[in-house]
Amino acid sequence: MFRRYLGGLLASALVAGVPTFALAQGQDEDEGLSFEADALFVFQGETDLQNNSGKFSANRAFASVGAEMPLGERASVEFEAGFGGTDYDFSGVSGFALANELGWVRQNEISLRFSYSASDRLEVFLEPGMSLDGESGADSGDSTTSNLIGGFTWQFSPRLIIGPAVGFFENLEGDDDIIPILLVDWQINDRLSLSTARGLAA
(Lines give C-alpha, C1' and ligand atoms only; values in the text may rest on other atoms or scores of the structure.)
Protein backbone atom coordinates (compact mmCIF):
# COMPACT_ATOMS: atom_id res chain seq x y z
CA MET A 1 0.00 0.00 0.00
CA PHE A 2 2.85 2.37 0.83
CA ARG A 3 4.31 2.00 -2.67
CA ARG A 4 0.96 2.73 -4.30
CA TYR A 5 0.56 5.94 -2.32
CA LEU A 6 4.16 7.00 -2.83
CA GLY A 7 4.11 6.57 -6.59
CA GLY A 8 1.03 8.75 -6.94
CA LEU A 9 2.29 11.37 -4.52
CA LEU A 10 5.64 11.72 -6.28
CA ALA A 11 3.90 12.22 -9.62
CA SER A 12 1.55 14.81 -8.11
CA ALA A 13 4.41 16.74 -6.57
CA LEU A 14 6.31 16.87 -9.84
CA VAL A 15 3.50 18.32 -11.93
CA ALA A 16 3.05 21.16 -9.45
CA GLY A 17 5.89 23.08 -11.08
CA VAL A 18 9.63 22.72 -11.49
CA PRO A 19 11.75 25.88 -11.30
CA THR A 20 15.36 24.97 -12.07
CA PHE A 21 18.43 27.04 -11.28
CA ALA A 22 21.89 26.56 -12.79
CA LEU A 23 24.46 27.00 -10.04
CA ALA A 24 27.77 26.53 -11.83
CA GLN A 25 29.22 25.52 -15.16
CA GLY A 26 32.77 25.18 -16.41
CA GLN A 27 34.52 23.86 -19.50
CA ASP A 28 37.97 22.57 -20.34
CA GLU A 29 38.63 24.20 -23.71
CA ASP A 30 41.48 21.84 -24.58
CA GLU A 31 39.59 18.59 -24.12
CA GLY A 32 36.03 19.84 -24.67
CA LEU A 33 34.99 18.47 -21.26
CA SER A 34 32.27 20.53 -19.54
CA PHE A 35 30.80 20.43 -16.04
CA GLU A 36 27.47 21.61 -14.67
CA ALA A 37 25.64 21.79 -11.36
CA ASP A 38 21.89 22.41 -10.99
CA ALA A 39 19.34 22.64 -8.20
CA LEU A 40 15.55 22.71 -8.13
CA PHE A 41 12.80 23.19 -5.61
CA VAL A 42 9.17 22.12 -6.04
CA PHE A 43 6.36 23.20 -3.74
CA GLN A 44 2.91 21.63 -3.80
CA GLY A 45 0.29 23.21 -1.61
CA GLU A 46 -2.29 21.26 0.30
CA THR A 47 -4.39 18.99 -1.90
CA ASP A 48 -7.07 16.32 -1.35
CA LEU A 49 -6.20 12.63 -1.53
CA GLN A 50 -8.20 10.66 -4.10
CA ASN A 51 -10.46 7.92 -2.68
CA ASN A 52 -9.36 8.85 0.81
CA SER A 53 -10.21 11.38 3.46
CA GLY A 54 -7.53 13.86 4.32
CA LYS A 55 -5.03 16.12 2.61
CA PHE A 56 -1.32 16.37 2.03
CA SER A 57 1.31 18.84 0.93
CA ALA A 58 4.86 18.27 -0.30
CA ASN A 59 8.14 20.11 -0.69
CA ARG A 60 10.85 18.68 -2.91
CA ALA A 61 14.52 19.67 -3.11
CA PHE A 62 17.01 18.21 -5.57
CA ALA A 63 20.57 18.94 -6.71
CA SER A 64 22.67 17.37 -9.44
CA VAL A 65 26.18 17.48 -10.88
CA GLY A 66 27.22 16.32 -14.33
CA ALA A 67 30.01 16.14 -16.88
CA GLU A 68 29.78 16.03 -20.68
CA MET A 69 32.39 14.72 -23.13
CA PRO A 70 32.24 15.09 -26.95
CA LEU A 71 32.52 11.88 -28.98
CA GLY A 72 33.68 13.19 -32.33
CA GLU A 73 32.13 16.18 -34.09
CA ARG A 74 28.45 15.20 -33.79
CA ALA A 75 28.05 12.95 -30.75
CA SER A 76 28.53 13.38 -27.01
CA VAL A 77 27.99 11.48 -23.77
CA GLU A 78 26.98 13.02 -20.44
CA PHE A 79 27.03 11.56 -16.94
CA GLU A 80 24.79 13.01 -14.22
CA ALA A 81 24.28 12.20 -10.53
CA GLY A 82 21.51 13.73 -8.46
CA PHE A 83 20.60 13.77 -4.78
CA GLY A 84 17.57 15.02 -2.90
CA GLY A 85 14.13 14.04 -1.74
CA THR A 86 10.57 15.05 -0.91
CA ASP A 87 9.11 16.06 2.45
CA TYR A 88 5.44 15.05 2.89
CA ASP A 89 2.94 16.48 5.38
CA PHE A 90 -0.39 14.65 5.88
CA SER A 91 -3.49 15.83 7.75
CA GLY A 92 -6.79 14.11 8.49
CA VAL A 93 -5.83 10.93 6.60
CA SER A 94 -7.66 7.68 7.32
CA GLY A 95 -6.96 4.19 6.01
CA PHE A 96 -3.25 4.91 5.47
CA ALA A 97 -1.27 3.74 8.50
CA LEU A 98 2.01 5.28 7.37
CA ALA A 99 0.60 8.80 7.03
CA ASN A 100 1.88 9.79 10.46
CA GLU A 101 5.29 8.18 9.86
CA LEU A 102 6.02 9.25 6.29
CA GLY A 103 8.02 12.45 6.11
CA TRP A 104 11.28 12.81 4.19
CA VAL A 105 11.59 10.41 1.24
CA ARG A 106 15.07 10.35 -0.27
CA GLN A 107 15.71 10.28 -4.00
CA ASN A 108 19.13 9.58 -5.52
CA GLU A 109 19.70 8.95 -9.20
CA ILE A 110 22.35 8.48 -11.86
CA SER A 111 21.98 8.69 -15.64
CA LEU A 112 23.90 8.62 -18.91
CA ARG A 113 22.84 10.72 -21.88
CA PHE A 114 23.91 9.91 -25.43
CA SER A 115 23.32 12.68 -27.97
CA TYR A 116 23.81 12.75 -31.74
CA SER A 117 23.43 15.76 -34.02
CA ALA A 118 21.97 14.31 -37.20
CA SER A 119 22.09 17.76 -38.82
CA ASP A 120 22.63 21.39 -37.87
CA ARG A 121 19.03 21.51 -36.60
CA LEU A 122 18.18 17.95 -35.51
CA GLU A 123 19.52 16.29 -32.35
CA VAL A 124 18.57 12.77 -31.21
CA PHE A 125 19.17 11.58 -27.65
CA LEU A 126 18.80 8.52 -25.44
CA GLU A 127 19.08 8.65 -21.64
CA PRO A 128 19.02 5.51 -19.45
CA GLY A 129 19.09 5.94 -15.69
CA MET A 130 18.53 4.42 -12.26
CA SER A 131 16.89 5.88 -9.15
CA LEU A 132 16.88 5.01 -5.47
CA ASP A 133 13.60 6.24 -3.95
CA GLY A 134 12.50 5.39 -0.44
CA GLU A 135 11.81 6.54 3.08
CA SER A 136 14.58 6.53 5.66
CA GLY A 137 15.64 2.97 6.45
CA ALA A 138 14.04 1.39 3.37
CA ASP A 139 15.88 -1.53 1.78
CA SER A 140 17.80 -0.41 -1.31
CA GLY A 141 16.67 -3.51 -3.22
CA ASP A 142 13.03 -2.50 -2.78
CA SER A 143 13.72 1.16 -3.58
CA THR A 144 15.71 0.91 -6.83
CA THR A 145 13.99 1.58 -10.17
CA SER A 146 15.19 2.14 -13.73
CA ASN A 147 14.09 4.51 -16.47
CA LEU A 148 14.76 5.32 -20.10
CA ILE A 149 14.08 8.62 -21.91
CA GLY A 150 14.45 9.11 -25.64
CA GLY A 151 13.48 11.75 -28.18
CA PHE A 152 14.72 14.48 -30.46
CA THR A 153 14.83 18.27 -30.70
CA TRP A 154 14.59 20.59 -33.70
CA GLN A 155 16.14 24.06 -33.84
CA PHE A 156 13.51 26.30 -35.41
CA SER A 157 15.69 29.41 -35.02
CA PRO A 158 18.89 30.41 -33.23
CA ARG A 159 16.73 31.23 -30.20
CA LEU A 160 14.12 28.44 -30.23
CA ILE A 161 14.53 24.65 -29.86
CA ILE A 162 11.51 22.34 -29.40
CA GLY A 163 11.19 18.57 -29.46
CA PRO A 164 9.11 15.62 -28.27
CA ALA A 165 10.36 12.83 -26.03
CA VAL A 166 8.93 9.84 -24.20
CA GLY A 167 9.98 8.37 -20.88
CA PHE A 168 9.64 4.78 -19.70
CA PHE A 169 9.73 4.66 -15.90
CA GLU A 170 9.64 1.62 -13.62
CA ASN A 171 7.66 2.59 -10.54
CA LEU A 172 7.86 1.25 -7.01
CA GLU A 173 4.97 -1.18 -7.59
CA GLY A 174 7.06 -2.96 -10.23
CA ASP A 175 4.95 -1.71 -13.16
CA ASP A 176 6.00 0.61 -15.97
CA ASP A 177 4.78 4.15 -16.67
CA ILE A 178 5.01 5.77 -20.10
CA ILE A 179 5.11 9.57 -19.96
CA PRO A 180 5.21 11.98 -22.95
CA ILE A 181 7.58 14.92 -22.53
CA LEU A 182 7.81 18.24 -24.38
CA LEU A 183 11.29 19.80 -24.48
CA VAL A 184 11.53 23.56 -24.95
CA ASP A 185 14.56 25.86 -24.97
CA TRP A 186 13.55 29.43 -25.87
CA GLN A 187 15.97 32.33 -25.54
CA ILE A 188 13.40 35.13 -25.35
CA ASN A 189 16.03 37.87 -25.23
CA ASP A 190 19.62 38.33 -24.11
CA ARG A 191 18.65 38.18 -20.43
CA LEU A 192 15.50 36.03 -20.33
CA SER A 193 14.99 32.38 -21.34
CA LEU A 194 12.30 29.74 -20.91
CA SER A 195 13.16 26.04 -20.88
CA THR A 196 11.90 22.75 -19.55
CA ALA A 197 14.15 20.70 -17.32
CA ARG A 198 15.51 17.35 -18.42
CA GLY A 199 15.21 13.88 -17.01
CA LEU A 200 12.99 13.44 -13.96
CA ALA A 201 12.23 17.15 -13.77
CA ALA A 202 10.73 17.06 -17.24
Side-chain angles (χ1 to χ4, degrees), residues 10-44 60-84 107-131 133 145-171 176-202:
L10 284 173
S12 299
L14 286 175
V15 300
V18 187
T20 304
F21 307 94
L23 299 181
Q25 185 171 11
Q27 184 169 2
D28 187 327
E29 297 294 344
D30 295 331
E31 299 182 4
L33 182 63
S34 61
F35 304 91
E36 185 174 6
D38 295 283
L40 65 83
F41 178 78
V42 180
F43 169 76
Q44 176 171 324
R60 178 172 183 243
F62 194 77
S64 66
V65 294
E68 183 176 6
M69 170 69 76
L71 301 175
E73 296 182 357
R74 290 187 173 272
S76 66
V77 60
E78 180 180 354
F79 170 79
E80 186 175 21
F83 311 91
Q107 179 177 18
N108 303 327
E109 64 177 36
I110 58 173
S111 65
L112 284 174
R113 178 184 174 95
F114 301 93
S115 303
Y116 177 74
S117 297
S119 69
D120 293 338
R121 292 176 177 264
L122 177 64
E123 181 180 89
V124 182
F125 69 91
L126 186 67
E127 185 172 341
M130 294 187 65
S131 298
D133 307 291
T145 59
S146 59
N147 58 76
L148 179 66
I149 301 174
F152 67 88
T153 59
W154 181 265
Q155 184 173 351
F156 287 89
S157 72
R159 290 181 175 268
L160 179 62
I161 298 174
I162 300 178
V166 61
F168 300 88
F169 298 91
E170 178 187 12
N171 61 40
D176 295 329
D177 294 323
I178 301 177
I179 301 176
I181 300 168
L182 177 63
L183 303 175
V184 177
D185 188 358
W186 180 21
Q187 188 69 40
I188 300 173
N189 55 45
D190 292 339
R191 294 181 176 271
L192 181 65
S193 65
L194 174 67
S195 63
T196 55
R198 282 177 32 205
L200 184 66

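Residues take their numbers from the sequence shown, with the count starting at 1.
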Using 0.5 Å steps for rounding, measure from the [atom1] atom of [X] to the [atom2] atom of [Y].
X      : Y      : atom1 : atom2 : answer
Trp186 : Ile161 : CH2   : CD1   : 14.0 Å
Leu194 : Ile188 : CG    : CD1   : 5.5 Å
Ser131 : Glu170 : OG    : CD    : 10.0 Å
Asp176 : Phe169 : CG    : CZ    : 11.0 Å

Open item on the list: I need the minimum non-hydrogen distance between Ile110 and Ala81, along with the two atoms involved.
Closed with: CG2-CB, 4.2 Å
Task: Exercise: identify the closest heavy-atom pair between Ile149 and Ala165 - done: CG2-CB, 4.5 Å
Tell me which donor-acceptor pairs under 3.5 Å the side chains of residues 62-74 have, and how far apart each pair is, sequence neighbours excluded?
| unit_1 | atom_1 | unit_2 | atom_2 | d |
| --- | --- | --- | --- | --- |
| Ser64 | OG | Glu80 | OE2 | 3.0 |
| Glu68 | OE2 | Ser76 | OG | 3.1 |
| Arg74 | NH1 | Ser117 | O | 2.9 |

Task: Within 45° cone of Phe125 ring axis and under 6.0 Å: Arg113 NZ or CZ - done: yes
TODO: Would you indicate whether Asp120, at its atom CG, is surrounded by more than 12 heavy atoms from other residues, nucleotides or ligands within a distance under 6.0 Å?
DONE: no
Task: Pairs satisfying salt bridge (charged side-chain N to carboxylate O under 4.0 Å, His left out), at least one member in residues 160-169, at least two apart - done: none
Open item on the list: Looking only at the side chains, is there a donor atom on one of Arg60 and Gln107 sitting less than 3.5 Å from an acceptor on the other?
Closed with: yes
Side chains of residues 152-159: which donor-acceptor partners sit under 3.5 Å, not counting sequence neighbours?
| unit_1 | atom_1 | unit_2 | atom_2 | d |
| --- | --- | --- | --- | --- |
| Gln155 | NE2 | Ser157 | O | 3.3 |
| Ser157 | OG | Arg159 | N | 3.3 |
| Ser157 | OG | Leu160 | N | 3.2 |
| Arg159 | NH1 | Gln187 | O | 3.3 |
| Arg159 | NH2 | Asp190 | OD1 | 3.0 |

Open item on the list: Within the structure provided, determine whether Val166 and Ile178 are in side-chain contact (heavy-atom separation under 4.5 Å).
Closed with: yes
